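Chain A is the first sequence line, chain B the second, and so forth, proteins listed ahead of strands; every chain is numbered from 1. The shown structure was predicted, so the numbers you read here are calculated from the model rather than taken from an experiment. Atom set for the values below is all heavy atoms of this structure, side chains included, hydrogens, waters and symmetry mates excluded.
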2 protein chains.
Amino acid sequence: MMRSADVDRVRSLPLFRVMSDTAFRDVTGGAFLQKFPAGTTLLTEGDTVDFLYVLLDGSVELGASWNDKDTTLAVLRPVSTFILAAVVLDADALMSAQTIERSDILMLSGEALRRAMREDAAFSVAVAQELSGCYRGLVRAIKSQKLRGGLERLANYLITQKIRQGGADTFTLPHEKRLLASVLGMTPENLSRAFASIADYGVVINGPQVTIARPLVLERLAKPDPLIDNHTPPTDAPIGKAQRERWPTDRHQRTGS
Amino acid sequence: MMRSADVDRVRSLPLFRVMSDTAFRDVTGGAFLQKFPAGTTLLTEGDTVDFLYVLLDGSVELGASWNDKDTTLAVLRPVSTFILAAVVLDADALMSAQTIERSDILMLSGEALRRAMREDAAFSVAVAQELSGCYRGLVRAIKSQKLRGGLERLANYLITQKIRQGGADTFTLPHEKRLLASVLGMTPENLSRAFASIADYGVVINGPQVTIARPLVLERLAKPDPLIDNHTPPTDAPIGKAQRERWPTDRHQRTGS
DNA sequence: CGTCACGATTGACATTTATCAAGCGTACGT
DNA sequence: ACGTACGCTTGATAAATGTCAATCGTGACG
């Protein structure tokens, strides 16, 4: 059902690394690994959630809608789990999930997950840590949304993106601009104008290519704040939302070796 | 250090009900119960978090600020825990906490909490459930913020408040309007105007007294949605964020008796 | 090769929200 | 009782954001 390489990738996630082999086999026993084309709706808000999803390849948008409007709450990249909170509570989904590009997605039985939590304290601690990381990600998102204006959100997004992609002054926007607009909580038209305005702060846009020509000028506009922006640098280690939140002050290093 | 009645109240929280007596004693052993006057800052964003806070009496505002602006993320009423996510990750606080009125607050050692999680699977499951509830509360908040306009947010707030206070057409706003404005993500001036506008939808304001004269008209404006608004009815049982999120489709009733 | 669909951009305009300023009412302390 | 501080309200105005419409460029597909 799963290739061994995929099993390894899941196993090496912080969430599953702490599980016993038997518990891991139990949880992955009835799992599905599916490939979905771009634009597939995996889950609609309000749906009953039977599975924990793990994005192994591709990308997924988490969104929500109300009254003919819709917005994007997050864009996920591999390797990420999603709708963990709904699985833990065995509750309905509050967000929709849709593939952005062709994606490999692993689906783990929610029931088995909850059983494993009850039987394995280390695992449920890992779940609690992952959830804490997700929670803090949302706190950052709300703070950005309520405290900053559109231009400031964009400026900080660009700075964060630059760092996450390695720190070079030129990088590529990872998504369509329309999607970015939805993430940033504005209309595509407004994002376009924001890109035009931000040229005054030394940002050069060339299609999906962005060059931050005068980083200090941009920073003066953005005023990035570690309590809002999570400037976690890129890493090849499989990382969960919890680890992202712990850096750089990881007081509990348990991967000692 | 704690009155027996207070111990009982904490013990009966979903978070702590599942703990063994010995684990509970261990966690509450080095606990402080303190009374704070109104307006006391308990915690500033960025601070190291050493304790899990439990609000036993009074009320507490969770807020955040950036660039001389500030906003309120939540207002807590007894009995609630707060900054659980930071405690679980042993990370810095992303929000500030301040008493709104004179409050009784219990402070439990974060270190002891994390130890109890590692040793007691049932407890760490309860922590994961509470965190899931908090997470979903934030998802609702972001959806409200990004998808609705100010007047719609106010309308839904009033409907939610009406239900939470028992369902009568007349009820009392639980906070100052300036605080409500901050919760709803608008300026006090704007909230004032929103209250004036909402009179057209059959809402009569008299100081802190609100009367919803034509509920159906207001609902047509508000379009409340269970995927955004948590219309949990009032209860006398000590309830956690997780329970709030499970109602009304609690598929895992474990308080069987 | 042409056509079509779609994302991005730009302009004009409407709506919403914030800001500044003034005035009102009430609770509180002297 | 008086004054004062503070929350609330209202008005005038500015800034930000959304909406509608048109255009441009590009990539997919017949």
Side-chain angles (χ1 to χ4, degrees), chain A residues 37-39 61 65-72 75 100-102 144-158 172-201 203-210 221-222, chain B residues 37-39 61 65-72 75 100-102 144-157 172-201 203-210 221:
Chain A
E61 174 197 5
S65 70
W66 177 80
N67 195 226
D68 293 325
K69 284 188 269 282
D70 53 74
T71 190
T72 302
V75 178
I100 296 172
E101 40 181 330
R102 186 168 205 284
S144 178
Q145 191 66 35
K146 289 181 76 175
L147 291 169
R148 306 216 260 227
L151 192 59
E152 293 159 338
R153 289 199 296 277
L154 174 59
N156 280 292
Y157 175 86
L158 294 179
T172 307
L173 294 174
H175 328 292
E176 283 181 346
K177 287 177 184 169
R178 63 196 325 282
L179 180 56
L180 175 57
S182 184
V183 170
L184 294 177
M186 47 178 120
T187 59
E189 294 96 323
N190 238 320
L191 176 60
S192 236
R193 284 186 258 269
F195 271 125
S197 308
I198 217 171
D200 299 342
Y201 299 88
V203 176
V204 181
I205 307 293
N206 217 304
Q209 299 283 339
V210 177
L221 166 66
Chain B
E61 174 196 4
S65 70
W66 177 80
N67 195 223
D68 293 325
K69 282 188 271 281
D70 53 76
T71 191
T72 302
V75 178
I100 295 171
E101 40 182 328
R102 185 167 207 284
S144 179
Q145 191 66 37
K146 288 181 75 174
L147 291 170
R148 306 216 260 228
L151 191 60
E152 293 161 337
R153 289 200 296 277
L154 173 59
N156 279 292
Y157 175 85
T172 306
L173 294 175
H175 329 291
E176 283 180 346
K177 288 177 184 171
R178 62 195 326 283
L179 180 55
L180 175 56
S182 183
V183 170
L184 293 177
M186 45 179 123
T187 59
E189 295 97 322
N190 239 320
L191 177 61
S192 233
R193 285 185 257 268
F195 270 126
S197 308
I198 216 171
D200 300 342
Y201 298 88
V203 176
V204 181
I205 308 293
N206 216 301
Q209 299 283 337
V210 178
L221 167 66

Could you run down nucleotides 22-30 of chain D 5' to 3' and tag each one B, S or - for protein heavy-atom contact under 4.0 Å? ---------
Within the 4.0 Å limit for protein heavy atoms, which parts of nucleotides 15-20 of chain D are touched? Write it as a string from 5' to 3', B for base, S for sugar-phosphate only, - for none. --SBBB
Minimal non-hydrogen separation, [X] against [Y], with atom names:
{"X": "A:L147", "Y": "B:K69", "answer": "O-CE, 2.9 Å"}
{"X": "B:W66", "Y": "A:A222", "answer": "CZ2-O, 3.2 Å"}
{"X": "A:I100", "Y": "A:A38", "answer": "O-CB, 3.4 Å"}

Set of residues satisfying side-chain hydrogen bond (donor to acceptor under 3.5 Å, both in side chains) with respect to B:S197, sequence neighbours excluded: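 In terms of side-chain hydrogen bond (donor to acceptor under 3.5 Å, both in side chains), with neighbours along the sequence ignored, B:S197 is linked to no residue.
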Listed by chain and number, what are the side-chain hydrogen bond (donor to acceptor under 3.5 Å, both in side chains) partners of A:S182, not counting sequence neighbours?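 Counting only residues at least two positions away or on another chain, A:S182 forms a side-chain hydrogen bond (donor to acceptor under 3.5 Å, both in side chains) with A:T72.
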With sequence neighbours excluded, residues passing side chain to side chain contact (heavy atoms under 4.5 Å, CB included) with B:Q145: A:Q145, A:K146, B:R153
For the helix from C:dC1-D:dG30 to C:dT30-D:dA1, figure out the bend between the end axes, five pairs an end, and round to 10 degrees. 30°
Does B:E101 have any salt bridge (Lys or Arg N to Asp or Glu O under 4.0 Å) partners at least two apart in sequence or in another chain, and if so, which?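 Expected list: B:R77.
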Contacts of B:R148 that satisfy salt bridge (Lys or Arg N to Asp or Glu O under 4.0 Å) - sequence neighbours left out: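 Counting only residues at least two positions away or on another chain, B:R148 forms a salt bridge (Lys or Arg N to Asp or Glu O under 4.0 Å) with B:D229.
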Side-chain donor/acceptor pairs under 3.5 Å, residues 183-192 of chain B, sequence neighbours excluded:
from	atom 1	to	atom 2	distance (Å)
B:T187	OG1	B:N190	N	3.2

At a 4.0 Å cut-off to heavy atoms of chain B, the contacted part of DNA chain C spans C:dT17 to C:dC20
Atom OH of B:Y201: over 12 foreign heavy atoms under 6.0 Å: no
Does anything in residues 174-181 of chain B reach DNA chain D, meaning a heavy atom under 4.0 Å, and if so which residues?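 Within residues 174-181 of chain B, the residues near DNA chain D are B:E176, B:K177, B:R178.
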